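Step one of this worksheet: look at the structure below.
Both ligands and their constituent atoms are indexed starting at 1 by order of listing. Bear in mind the structure is a predicted one, so any value in this text is a computation, not a measurement. Just so you know, these numbers use all the heavy atoms, side chains as well, and skip hydrogens, waters and symmetry mates.
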Amino acid sequence: MKTLPPLPDLLTLYTHQKDALDAAYHRVMDSGWYILGKEVTAFEQEFAAFCGLQHCISVANGTDAVELALRAVGVERGDRVITVSHTAVATVAAIERLGAQALLVDVDPQRYTMCPDSLAQCLEAETKQNSNVKAIVPVHIYGQCADMDAIMPLAQHYGCKIVEDCAQAHGAFLHGKIAGSMGHAAAFSFYPTKNLGAFGDGGAVLTPHADVAHNASLLRQYGWEKRYESTIVGVNSRLDELQAAFLRVRLQNLTTENSLRQDRAAQYCSLLTDTNVQLPHPARGCSHVYHLFVIQSQQRNALMQKLREAGITTAIHYPSPIHTQRTYRARLKLAPQGLPHTEALYERIVSLPLHPYLREVDVQQICECIQK
Ligand SMILES: *Cc1c(COP(=O)(O)O)cnc(C)c1O
């Protein structure tokens, strides 16, 4: 069997839209304007419209988006922010960078997203200690929305803001609501491998609230209310014109590419039903956009080895939960009942190849290999 390309095939994404991307490149280069200009404004409007939201403030990457979204909704140094340990380290790094304390709760073992019971116990325990939980960051991991029906009432009850981490869920839906439209603000990453990816770094804060948008737009550029006049302390986190122009091209294909991902995911599921691997099963009302196709296997390492021998690249997202990593171990506070589901997952999860231009025959071959 021929060796498959590594999981997200970035060159294919380029070649697939080469003419439009090359035209975008020339348009920007010929314009003589390279940072925060027409392309950025147009992309912000187009992506806000795609998400059905009023405001999109582009930033330099997804980590900045999480940090600035939290600051824009009012989280400050010393506040506590609840998220999960089963996420990209960026989520926790962003919380800590603004000087907040991260509290980690468990995930649901089927859905892989924030477990509402663990969240409720954590909020209860924190309230008893009079601690100040300012915000909750549910992560829509792998392309499926967290259980917002259960999380939002808890946030409301305890007076917490919600910042959705949508870095893996561009275009995902929950009961007809698009990822990023359910909280006070949302953070997106446009890292090249994401469902909507640039050809470099990029990110955005989306929000339905004008005041949050205003804060975020000040924060991303030195706290400038207008040029050279800082009214708050901000950072430099700007999107450049080239990436914005590329993202406008990529955005036109997002819905199509998400449904290609869904088709391949469906093919995997039908071919693997009779095996002993545990397949993803989206929760009711969820439209999963399969940023990653993650299965669980009791013999995960052996399975990965066999696939590797057959030339098939797999990966683990992520190889160790954040709270077990050396730098974070001592610092992070965990939910009162610990994180048993999170810890159990790490021995069993594996991501199979999935990208929009993976062919049906590739999925067939991968499944044959797993069946063996
Ligand atoms: C990719 C990712 C981020 C961070 O995005 P960068 O653009 O790499 O900074 C944050 N959260 C999650 C869940 C991610 O997958």
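When each of His170, Arg250, His355 is tested with Glu257 by the rule side chain to side chain donor-acceptor pair (under 3.5 Å), just one qualifies, namely Arg250.
The protein atom (non-hydrogen) at minimum distance from atom 4 (C) of ligand 1 is Ala90 CB, 3.4 Å. Here the protein heavy atom with the shortest distance to atom 11 (N) of ligand 1 is Asp165 OD2, 2.8 Å. Annotation: atom 9 (O) of ligand 1 to nearest protein heavy atom, Thr63 OG1, 2.5 Å.
Sparse packing is recorded around CD of Gln156, with 12 or fewer heavy atoms of other residues, nucleotides or ligands lying under 6.0 Å away. With a 6.0 Å radius and a threshold of 12 heavy atoms from other residues, nucleotides or ligands, Phe199 has its CZ atom above the threshold.
Between Val66 and ligand 1, no pair of N/O atoms sits closer than 3.5 Å.
When Ala169, Gly62, Ala167 are checked for heavy-atom proximity to atom 12 (C) of ligand 1, Ala167 turns out nearest. Distances from atom 2 (C) of ligand 1 to the heavy atoms of Lys194, Glu67, His140, Gln168 show the closest one on Lys194.
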Step by step, work out the side chain to side chain donor-acceptor pair (under 3.5 Å) result for Asp22 and Tyr14. CA-CA 9 Å; Asp22 289 350; Tyr14 170 51; 2.7 Å; yes

Under the criterion ring-ring contact (aromatic ring centres under 6.0 Å, His included), I'd like the reasoning laid out for Tyr290 against Tyr268: C-alpha separation, chi angles, the key distance, then a yes or no. CA-CA 12 Å; Tyr290 294 100; Tyr268 266 126; 9.3 Å; no

Derivation of the side chain to side chain donor-acceptor pair (under 3.5 Å) call for Tyr142 and His288: CA-CA 8 Å; Tyr142 303 154; His288 194 315; over 6 Å; no

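You'll find the side chain of Leu104 reaches within 4.5 Å of the side chain of Val92, heavy atoms only.
Less than 4.0 angstrom separates some heavy atom of Thr87 from each of these atoms of ligand 1: 13 (C). The contact set between ligand 1 and Val139, taken as ligand atoms under 4.0 Å from a residue heavy atom, comprises 13 (C). If you number the atoms of ligand 1 from 1 as listed, the ones under 4.0 Å from a heavy atom of Thr91 come out as 11 (N).
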